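To keep things clear, I will list the structure first and then write my remarks on it.
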Amino acid sequence: MLKKLLSLGLIGTLSASPSFAQSDDAQRYDRALAAGYKAQFICSGLWNGGKSLADIDADELTGIYPRIADITPTLPAEVDQSQRQVRVSFGDDAPPRLAVWNSESGCTAMPIGFFGAESDLPDDAQIEPRQFLDDQRWPMGDLAAETQPADRSRALGALAERALDPASFGGQSSAVLVIRNGHIDAEKYKQGHDLHTAQRTWSVAKSMASTLIGHSVQQKMVDLHAPVQIPEWQKTGDPRAALTIDHLLRMSSGLVSDTAGNRTDPLYMGGASVSERATSWPLLYKPGARYRYANNDTLLAIHAARAQHLDRKFKLGNYIPAAHDFNPYGFFQKLGMSRTYVETDWQGNPILSSQVWTTARDLGRLGLLYLNNGTWNGERLLPENWRDYVTAPSGPQPAGKFGFGASFWLMNKSDGIPRDAFAGFGNRGQYLVIIPSLDLVIVRRGYDSADDRFDIEAFTREVVAAIAS
């Protein structure tokens with residue numbers, strides 16, 4: 001698709017990292033970003049999440065980045081249900097921002113300036129329909145998932161109910177799930193949500209990215225400690241070629257960008273691609289010497305892992321089965337995570353730093369994979385030592401009360417919480433907490449704002465206390 005669009009001249013020339021001389025240009029660019037954000041979230045909310053337009057407007061399009069918060073409500077959106085496309089206009093003399101859905105990877109945002117024909121868009125008809133597994137037994141499906149009522153389950157249910165009340169732990173909770181000994185002990189949803197409502201994971205996706213790389217290591221397709229094979233860095237003399245996937249998973253690449261590491265607006269809102277954007281930043285510090293939380297590190301880890309997959313297949317040809325392709329959809333289907341959508345940029349690169357949509361139960365299934373030490377239905381999907389690897393604070397550590405492993409946060413300094421607790425944390429209050437010593441998984445989803453956040457540490461502490469009582 002990339003070569004075709006370029007050859008047809010269907011992609012505008014606005015830089016992914018513009019330097020503006022005039023405020024009018026900056027304002028126009030912010031409107032383009034706001035339009036892209038709105039198109040993406042309406043598209044994903046409707047067809048990944050199963051949400052209504054009213055709920056999307058109330059949940060997904062409020063409490064958002066200040067840069068676009070005031071612009072987004074003013075932009076008109078056009079929803080094409082039959083083609084599963086969303087267009088949002090931002091200027092009379094510019095094509096609208098466009099997001100297009102497919103059943104495997106959800107919604108794709110086309111770049112600013114895209115004005116191609118329908119035939120130039122991804123064709124969902126060429127993608128196999130998604131298989132939902134609801135009628136299978138838990139954890140592959142939803143049957144017989146709940147623990148039989150007991151005093152502990154009732155106590156945890158009451159605690160989950162409290163978590164939906166902002167006065168208890170803060171934030172705006174949409175889902176709370178507690179899994180103990182393999183079954184659901186407590187499960188609560190806000191009005192309008194249920195077990196099949198998907199939300200964006202935000203940075204919990206980084207922990208999912210680490211898991212996918214672990215699967216590639218188990219398949220012997222990826223070497224964590226080998227120099228990365230990122231194509232854009234292979235010219236002689238490029239110091240970034242010495243980085244490893246381990247550096248990237250531990251947020252210790254030493255790379256820099258022109259914004260805070262958790263902001264990649266041209267990619268998340270502008271329709272830029274991973275290969276043009278994430279690969280462009282220089283090396284400022286020695287790899288492995290400094291912690292800096294960065295979306296780009298996760299994007300590059302996945303970019304490097306996919307490159308290693310391709311290199312192995314090129315060298316070994318038919319000796320590598322199709323099952324060893326880098327395939328997020330196939331991997332999560334294997335876990336019964338049938339409502340998990342790993343979205344990509346328009347060039348097909350997974351945006352696994354943030355852009356994954358999934359349900360509370362699907363995140364619970366991911367937690368169970370780690371409680372099972374990487375095995376599922378008798379098959380080893382992660383290396384036997386992978387849980388130890390992702391929870392080892394072997395790289396430089398962030399300041400604050402949580403440590404950092406290989407794209408999982410460590411809750412090993414929190415009073416009242418077992419030291420083996422680790423977690424995926426995401427913007428707007430997305431949490432997956434895994435505590436192997438208690439055979440426990442906690443999932444909390446939300447729509448928190450920057451000034452009203454859910455206290456996952458306090459909630460986890462209370463869940464642990466309720467189990468112990």
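Everything numeric in this text was worked out from a predicted model, so none of it was measured.
Checked for salt-bridge contact, K334 and E379 meet the test: a charged N lies under 4.0 Å from a carboxylate O. With salt bridges taken as basic N to acidic carboxylate O contacts below 4.0 Å, one links E457 and K401. A salt bridge links R277 with D258: the closest approach of a Lys/Arg side-chain nitrogen to an acidic carboxylate oxygen falls below 4.0 angstrom.
For the side chain to side chain contact (heavy atoms under 4.5 Å, CB included) criterion with F332, the lone passing option out of R339, M337, R365 is M337.
Aromatic pair F326/H303: centroids not less than 6.0 angstrom apart.
The side-chain heavy atoms of I442 and F459, taken from C-beta on, include a pair separated by under 4.5 Å. Side-chain atoms of S203 and Q430, non-hydrogen and from C-beta on, never get closer than 4.5 Å to each other. Two residues are said to be in side-chain contact when any heavy atoms from C-beta on lie closer than 4.5 Å; I230 and T279 meet this criterion. At least one side-chain heavy atom of R200 sits less than 4.5 Å from a side-chain heavy atom of F41. Within the 4.5 Å cutoff, side-chain heavy atoms of S354 are placed close to those of Y268. The shortest distance between side-chain heavy atoms of E462 and R162 falls below 4.5 Å.
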* Are T344 and N349 close enough, and set up right, to give a side-chain hydrogen bond (donor to acceptor under 3.5 Å, both in side chains), and what steps lead you there? -> CA-CA 5 Å; T344 72; N349 300 296; over 6 Å; no
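The side-chain contact (heavy atoms from CB on, under 4.5 Å) search around P436 returns L371, R387, D420, F422, I434, not counting sequence neighbours.
Under the 3.5 Å distance criterion, the side-chain polar atoms of T375 are left unmatched by any main-chain donor or acceptor of G378.
Heavy-atom neighbours of R380 CZ from other residues, nucleotides or ligands within 6.0 Å: above the threshold of 12. Within a 6.0 Å sphere centred on CZ of R137, heavy atoms belonging to other residues, nucleotides or ligands number 12 at most. The local environment of CG in D70 is sparse, with at most 12 non-hydrogen atoms from other residues, nucleotides or ligands closer than 6.0 Å. K413 NZ: more than 12 foreign heavy atoms inside a 6.0 Å radius.
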